[in-house]
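Naming: A, B, ... by sequence-line order, numbering from 1 per chain. Both backbone and side-chain heavy atoms feed into the values below; hydrogens, waters and symmetry mates do not.
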Amino acid sequence: MSRHAMSARNAHRVRALAITKLVGASIFLAGCAKDAPQDVFQPKGENAADINNLQYMVFGIAGVVGVIMTVLFVVTMTKFRDKGQPIPEQSHGKPALEITLTIIPALILSVVGVFTFRGVFDLAETKDTELVINVTGQQWWWEYDYPVQGDWGIDKPIITSGQLVMPAGTKVLIRETSRDVIHSYWIPALNGKRDAVPGRIHTLRLHADNPGIYAGQCTEFCGLSHGNMRMEAVALSKEDFATWVTNQQAAYKEPEKDSLAEQGEAVFLNQCVRCHQVNGLKKADGTAAIAAPDENVYAGAAPNLSKFMSRNTFAGATWDLLKKDCRGNVWDAKSEEFGAKYLEGVSADCLNEVDLRRWLRNAPAMKPMYADPTKLEPTDGKYRGMPYLALSESDIDKLVAYLLTLK
Amino acid sequence: MITTGSKYFYGVTALATIAMVLYMVLVNPNDIGAVALGSLASAAALLGGLTSFTRDSTAHTAKEAVAAAEQPAPAAVWPLIVAIGIVMLVFGIATNPIVFVLGIVALVAGGVEWLVQDYASRASSDSTFNSQLRGRLLHPLEFPVAAAVIVGIIAISFSRIMLNISKSAGAVVFIIVSSLILVVGFLVVLKPNMRGRAVGALCSVGAVALIGAGIVTGISGERAELVEAAEEDHYSHMACGAEADKYFDKHPNNAVSLKSATLATITVRDGKAVATLSGLDTPVETVTIPRSNNVQVLFRNMDTEEHRLVAELGEKTVADTGVKEKVEQCTQLTSEDQVNVLTLNIPKSSEAAGPYKFIVPGLEGQEIEVYVP
Amino acid sequence: MAIIERPSTELEVSITPSVVVPSTTLGNLRRPVQSTGWKSWLFTVDHKKIGIMYGVFAMIFFIIGGVEALLMRLQLAAPDGKALSADLYNQMFTMHGTTMVFLFAMPMAAAFANYFLPLQIGARDVAFPRMNALGLWFLVVGGLVLNAAWFLGGAADGGWFMYAPNSGPVFSPSNGVDFWTLGLQIAGLGSLIGSINLIVTVLNMRAPGMTMMKLPVFTWMILVVQFLLVFSLPVITVALVLLMFQRSFGATFFDVAQGADPLLWQHLFWIFGHPEVYVLILPAFGIISEVLPTFSRKPLFGYPFVVFSGAAIGFVGFGVWAHHMFAAGLGPVSVAVFSIATMAIAIPTGVKIFNWTLTMWGGKIWFTTAMKFAIGLVVLFTIGGLSGVTHSVAPSDTQQTDTYYIVAHFHYVLFGGMVFGLFSGFYYWWPKMFGKMLNERLGSWNFWLMFIGMNMTFGPMHILGLQGQPRRMYVWTEARAGEGFFNFGFWNLISSIGSFVLALSVLLFLINVVQTARKGKQAPLDPWDARTLEWITTSPPKEHNFDRIPTVHHLDEFFHRKYVEDEATHTMKAIATGEEIVRNEEANAESHIHLPSASYWPLVLAIGVGVLGLGVLYGVPIMVLGAAIVLLSSFGWVMEPSVAEDSDYDPPAGGTSKELASHG
Amino acid sequence: MADTAVHAAHDVGHGAHVTSTGLSNNKLAMWLFLGSECLLFGGLISTYMLYRGRVANGPHPNQIYDIPFTSVSSFVLLMSSLTMVLAVSAAQRRNDQQTNLWLTVTALLGATFVGGQVYEFTAFYREGLGFTTSLFSSSFYTLTGFHGVHVTVGVIMLLVTRSIIQKNRVTGDKAESVEIVGLYWHFVDVVWIIIFTLVYLIPA
């Protein structure tokens with residue numbers, strides 16, 4: 001279907017819904033609150049807007065029916081309370097009225113049904129996809145990988161986690177799956193939720209009108225730290241997205257000689273690389289350091305930390321890598337300035353060292369995880385989540401310095 | 001209700017409990033001694049409960065008791081069974097746990113029957129009532145347990161015979177056995193004068209034959225094919241051999257009941273292998289597969305020749321010898337217009353050794369790169 | 001044999017039972033024939049006693065489930081709550097849902113059904129009195145097994161929906177889920193037995209003249225519910241069996257590495273789970289369909305429409321399960337079809353609301369506490385129903401599902417609907433069941449606190465959900481809370497405060513119950529000017545329910561015995577009081593009434609099944625023991641005559657029996 | 001396991017139950033129970049149908065099914081339905097001896113069927129199809145195992161019915177008791193025919 005026809009139809013629908021939308025908006029002021037990042041009434045892309053139109057319609061109808069029923073209840077109860085009137089005629093009903101009252105809701109609902117039908121199929125459309133991203137859920141974080149797509153300059157796969165980076169104004173198709181239990185991917189501003197089911201691949205279209213950052217949260221109960229499994233979708237203009245792609249594919253930058261960061265690299269090679277891959281990192285003997293999370297983590301993967309500081313969050317997007325005001329700078333940026341600010345990544349000044357250090361010191365104390373080494377019998381000794389590593393404070397200093405170089 | 005007999009058992013319970021507590025406090029709470037005393041206490045409590053429940057197995061009025069005592073004790077097989085149970089128990093400890101368990105079963109069954117029999121036979125002076133009483137207490141347990149035992153004996157004996165004889169003889173034997181049962185049934189109905197002993201004898205012969213054959217075949221073991229199968233595991237699916245697997249999946253479409261689980265489709269058409277990703281219709285040169293994730297890749301053959309899809313997934317070192325081995329996974333040979341599925345779970349990133357590959361043997365020079373980030 | 005032999009003329013004299021002189025005795029192995037004391041309850045087969053016990057157990061579990069809810073609200077009152085750990089919180093919401101659905105709502109409905117269904121159809125008891133007792137004891141054993149997990153390594157923590165694979169042995173390593181599967185299987189078996197029993201009772205044991213279209217609506221709704229149970233429980237049983245085999249015996253049903261499809265569980269669960277929603281709500285619909293006409297002094301408006309819409313809800317209820325799975329990735333065709341089907345089910349539900357309102361329209365409304373609760377149901381259920389319509393629209397549902405908006409929706413339906421209906425039933429039928437009136441003043445407080453508390457607790461959840469607060473999160477955070485009028489902080493706090501108001505209202509009810517028991521005022525025979533058969537007998541009813549089985553000529557038989565229509569004005573004028581009618585029935589009492597005797601076997605069988613279940617977890621010997629008890633008790637049952645024999649009574653001491661062969 | 005109707009407690013043996021529908025309570029209850037059982041087996045069969053091709057590294061259904069053997073065992077079960085009919089008709093003619101005879105024959109046929117299933121399971125296990133081998137194996141054993149347990153319970157019911165008739169301990173109408181056991185038995189039989197068709201005959 002051509003884009004022209006699509007938008008024409010959308011326009012038609014928007015007109016058709018204008019009245020109900022007004023009513024709905026006035027009843028459900030919930031939709032107009034400020035600063036609620038997961039508000040379902042603030043669509044920021046065409047898929048979410050489609051849903052929102054349906055929401056306004058059905059909330060509007062529900063509101064009107066609700067008002068009518070309330071009036072009916074109040075009138076009934078005041079008019080017919082026992083004022084000493086005689087016991088009324090024992091009439092058993094009026095079939096004509098009954099039938100009318102059955103048909104009216106049926107008619108209203110069939111109108112809603114028609115729009116719903118169209119909405120469902122519109123939202124399931126995948127034919128005109130422009131960019132595909134694989135999204136994999138795992139207890140309790142999301143992994144994003146970008147299959148090779150020459151049109152977007154992606155010559156080798158990009159892998160990241162926590163924040164989904166996508167071009168604005170583009171029809172992005174995410175293909176969701178999971179490595180362990182069912183999770184659900186939900187960025188309310190961009191689309192409804194879709195479960196990530198292990199063994200299945202589900203598709204969901206995301207579209208953001210403008211650059212910006214959109215919050216989300218895993219919405220299928222996925223075990224202990226379900227409450228700590230968040231995600232953010234970052235939409236960049238197409239140029240900024242190209243920059244981001246180039247940056248992600250750039251070669252590994254070794255830390256400066258004799259710096260704290262270089263010592264941090266050694267600590268990383270010693271401790272972290274068991275699970276966390278950093279593409280291009282080499283062992284002391286010059287061979288590539290390849291992580292083997294499948295040997296240590298039950299689900300078989302851990303976040304890839306290449307270009308770690310190009311992201312703004314860590315640990316399932318639950319904590320920020322940016323200090324509060326630096327974060328505010330990014331989140332509140334106008335859409336034309338947003339890309340530049342986001343692409344700055346995390347600088348040493350902006351790094352939220354408090355939380356990062358707390359995490360390195362004792363991750364399971366910060367986020368409930370199945371990481372008690374004495375209780376790993378059901379998983380054959382493998383962890384679910386990051387264990388306590390007993391790092392010394394000086395090791396943590398070194399690691400923080402090293403992680404800051406991963407940009 | 002505290003009856004005379006139960007007083008004794010309750011006393012033992014109390015003493016044993018006190019002794020156990022003392023033992024645990026003074027000696028060692030985890031010792032076998034504490035367990036022994038505890039067991040004694042609970043056993044005595046159980047017996048005490050039982051005796052007070054059955055009112056010491058005594059009758060209610062003095063008059064009845066006298067009358068009951070005058071009744072000659074009926075012959076009973078239960079003491080014998082209890083004795084056999086004890087022997088089996090002891091014997092079982094030394095030899096086989098199954099004998100031990102059977103000993104316990106015999107002991108419990110014999111004990112319960114004996115107890116109830118004894119209680120019922122002295123309940124009143126009316127022997128009809130006594131036997132009714134016994135039935136009332138024991139029939140609910142005897143009937144189903146006897147039925148279960150019969151099912152068990154038949155099922156086990158019959159299955160031993162079937163396991164011993166050949167597959168084709170099995171079906172025949174099965175027909176013969178069931179027809180015999182039917183025929184005997186009809187015979188008995190049609191010949192009303194062939195009742196009583198004759199039927200009993202017939203049934204006994206049948207039962208003895210079945211159990212005997214069961215024991216004989218059980219000892220002589222299972223038929224050769226089954227023994228072999230258990231040892232060789234020869235029904236397991238073969239990996240990418242040169243030939244088609246004899247037992248290949250004839251209807252792979254049924255296995256691919258989840259179209260939504262498919263990550264990519266590789267189609268062979270006119271001698272060319274083309275990959276498409278689900279969700280995108282344009283052909284791609286590389287496939288990206290998330291690591292440690294079960295994914296299905298569909299292989300569709302549109303050529304007249306048979307083909308199979310092979311995934312080359314690097315090398316692994318065999319632990320004992322240090323020899324490097326290729327890691328491969330493949331579909332069955334797929335004929336024209338057939339679909340097959342390859343389920344992959346790749347735990348290792350392709351970062352180290354470069355991309356993995358899909359190849360279709362017979363279509364040389366065509367590789368589809370597989371990235372596992 | 002416990003025959004109540006009595007003269008049919010002298011009525012003022014209490015009936016003297018015949019004296020049984022047993023020739024021989026079974027001692028302690030006799031049947032339980034006590035008519036007083038704890039044994040008369042434990043081994044009873046009287047549907048009224050069983051109904052009351054259902055009620056007591058359900059109330060206990062209501063309190064347990066309520067405490068779990070309060071703990072959760074305590075945790076969520078402020079950001080980053082510290083009251084519960086993540087693990088404990090997950091157990092709380094799992095057990096809250098499970099307890100409220102299986103151990104409170106279903107048994108409480110069973111309590112009313114057991115007590116009133118035979119009375120409403122003019123029967124002396126249910127079709128299978130011992131099976132009735134068995135259903136109760138299965139429920140109790142199931143509930144104990146479910147909750148035993150708290151003390152044996154932690155309760156189930158996968159949510160009441162227990163989605164695979166998160167419920168598998170790896171992802172939920174504690175024993176909790178094992179106890180959960182066992183407990184639900186046992187409780188489910190109890191419900192199945194109970195439902196077969198009630199269906200047979202309604203179909204087969206109606207009083208003369210009571211055609212299906214003269215059945216009281218409560219009985220009709222219970223009948224529909226029992227059919228739903230008969231056909232939905234086996235489906236969840238299959239799911240539970242598969243899960244149990246996976247957890248205990250290593251089966252692979254939900255093992256994704258083997259190629260399993262996790263959606264299998266969801267389909268099985270919701271094919272049961274959606275009819276279950278109607279299992280929960282229809283009994284409450286039935287109760288208020290009795291209460292509203294009584295206190296409006298008018299028959300139910302459009303009785304056949306209400307009955308058929310109930311049946312239609314039951315029928316369509318089997319075809320909409322996938323609307324719980326709109327986000328699960330079913331594909332657009334299924335989603336669209338189930339979306340439309342879900343809208344279709346809104347129509348019969350709407351019909352009911354119109355009918356209730358039109359029942360009151362033109363009536364003479366008497367605002368008793370029971371009536372207030374009934375009207376509360378109509379109002380709150382309307383809100384819940386309308387929010388339900390908003391997520392029958394599948395795309396809109398993908399924004400709402402698994403957020404607090406859904407929590408708000410189903411609590412309006414289940415708390416505002418079901419619980420209000422049940423409370424209406426308490427206040428309406430209490431005088432019938434116990435012969436004493438619950439205090440109306442306390443009742444009024446109870447209602448208003450519950451109404452306010454309910455709206456305070458669940459109303460804000462609409463806002464929280466639409467603001468994007470997902471369910472089942474053990475903490476919420478400032479970072480996603482927003483700052484405007486609709487911020488999480490304020491509304492979560494209001495909701496938590498509301499939950500304590502709710503708790504207070506339940507406490508008031510309990511105080512009311514205790515006060516009534518201690519010094520409540522004696523109830524008149526017909527305190528509400530009621531309409532249906534259960535009132536044509538004493539309060540509480542005699543053990544044999546009716547002195548004479550009534551012959552039915554009208555829907556609302558009792559009302560039409562009291563009133564006739566004035567031809568001129570079409571208003572009703574009284575011709576007899578309820579009291580007179582009941583006395584008249586007593587005067588014409590039947591002389592031979594046979595009632596079944598109590599039995600040990602239901603309780604023993606239920607315990608045996610419990611032991612058998614624990615054997616799955618704790619080893620084969622325990623399983624064998626359980627199986628032996630089950631065999632003994634089930635075949636003991638088969639061979640036990642339904643009525644006790646002479647020898648089941650105590651031996652004569654000094655010439656006469658110590659116990660009378662009386663049940664009354 | 002059913003109680004007699006309250007009204008008819010003293011009419012034991014006469015079968016004179018006065019019910020609104022005219023159907024006896026016991027029979028109605030058994031029909032409802034069997035209706036419920038249909039959904040139980042429906043659920044198990046659906047599970048099997050979904051998983052029957054998913055064999056992992058274990059044997060494939062086509063490799064191990066022994067159709068001639070299973071045909072015979074299905075035949076045996078069908079024959080047992082015939083003898084069950086004979087038992088019911090004998091009971092209605094109040095011929096206790098023949099009733100008991102046919103109940104016994106039915107039970108014996110049922111027991112051989114169970115024996116056949118024990119054989120089949122053992123053979124499959126030897127051939128590499130363990131309960132935990134694959135989705136196919138788990139769902140196959142669960143489905144056929146559930147049916148096997150139903151048959152076993154049925155055999156026990158038959159034999160106990162036979163015993164209580166012999167010892168004259170039937171509490172209700174004798175013919176009706178036999179008929180109800182018969183209903184159950186026929187149901188188990190019909191389910192097997194469905195399983196035989198769907199599981200064994202339709203190729204996986």
Side-chain angles (χ1 to χ4, degrees), chain A residues 126-138 143-151 154-160 172-180 196-205 277-281 287-295 297-302 304 306, chain B residues 255-266 274-298 313-317 319 324 327 341-358 367-373:
Chain A
T126 61
K127 289 260 187 292
D128 47 356
T129 298
E130 293 167 89
L131 173 69
V132 173
I133 304 172
N134 292 335
V135 175
T136 309
Q138 184 176 333
E143 182 174 274
Y144 307 103
D145 71 74
Y146 296 66
V148 173
Q149 281 160 94
D151 298 353
I154 306 171
D155 301 323
K156 64 176 192 180
I158 296 171
I159 181 163
T160 178
V172 178
L173 185 76
I174 63 169
R175 303 198 302 166
E176 296 175 37
T177 186
S178 161
R179 289 200 180 90
D180 38 36
V197 180
R200 297 175 73 113
I201 294 165
H202 291 155
T203 54
L204 179 70
R205 269 281 274 279
Q277 178 75 36
V278 169
N279 295 351
L281 176 64
T287 57
I290 302 297
D294 51 303
E295 289 158 21
V297 180
Y298 182 74
N304 184 312
S306 324
Chain B
V256 198
S257 50
L258 285 180
K259 296 287 183 278
S260 50
T262 307
L263 185 99
T265 308
I266 292 171
V274 178
T276 46
L277 299 182
S278 55
L280 271 185
D281 285 341
T282 46
V284 290
E285 270 111 51
T286 64
V287 174
T288 307
I289 297 180
R291 72 151 42 185
S292 292
N293 213 327
N294 266 30
V295 293
Q296 303 198 335
V297 177
L298 282 191
L313 305 172
E315 294 176 328
K316 74 168 178 206
T317 315
K324 293 206 166 179
V327 181
V341 67
L342 186 59
T343 305
L344 294 169
N345 188 329
I346 309 170
K348 300 286 182 201
S349 158
S350 60
E351 186 68 18
Y356 301 134
K357 282 172 212 153
F358 283 136
E367 289 174 355
I368 294 159
E369 291 188 332
V370 178
Y371 283 106
V372 179

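Looking at B:Leu263 and A:Arg175, their side chains come closer than 4.5 Å, going by heavy atoms from C-beta outward. A:Pro293 is listed as a side-chain neighbour of B:Arg291, based on a closest heavy-atom distance under 4.5 Å.
Heavy-atom distances place no part of A:Gln138 under 4.5 Å from chain B, backbone and side chain included. Neither the backbone nor the side chain of A:Asn304 comes within less than 4.5 Å of any heavy atom of chain B. Looking at A:Thr287, neither its backbone nor its side chain comes within 4.5 Å of chain B, counting heavy atoms on both sides.
Considering all non-hydrogen atoms of both residues, A:Pro147 and B:Thr288 come closest at CA-OG1, 3.3 Å. The nearest pair of heavy atoms linking A:Ser178 to B:Asn293 is O-OD1, 3.3 Å. In terms of heavy-atom proximity, B:Tyr371 sits nearest to A:Asp155 at OH-O, 4.4 Å. The minimum heavy-atom distance linking A:Ala299 with B:Ser292 is given by the pair O-CB, 3.5 Å. Residues B:Thr286 and A:Val148 share a closest heavy-atom pair of OG1-CB, 3.3 Å.
In this structure, the separation between CZ on A:Arg200 and CG on B:Asn294 is 13.5 Å, given to the nearest 0.5 Å. Remark: B:Leu277 CG to A:Thr203 OG1 distance equals 12.5 Å, nearest 0.5 Å.
Between chain B and the residues A:Arg179, A:Lys156, A:Glu143, A:Gln149, the largest count of heavy-atom pairs under 4.5 Å involves A:Arg179. When A:Ala288, A:Gly300, A:Gly150, A:Ala301 are compared by the number of non-hydrogen pairs under 4.5 Å with chain B, A:Gly300 comes out ahead.
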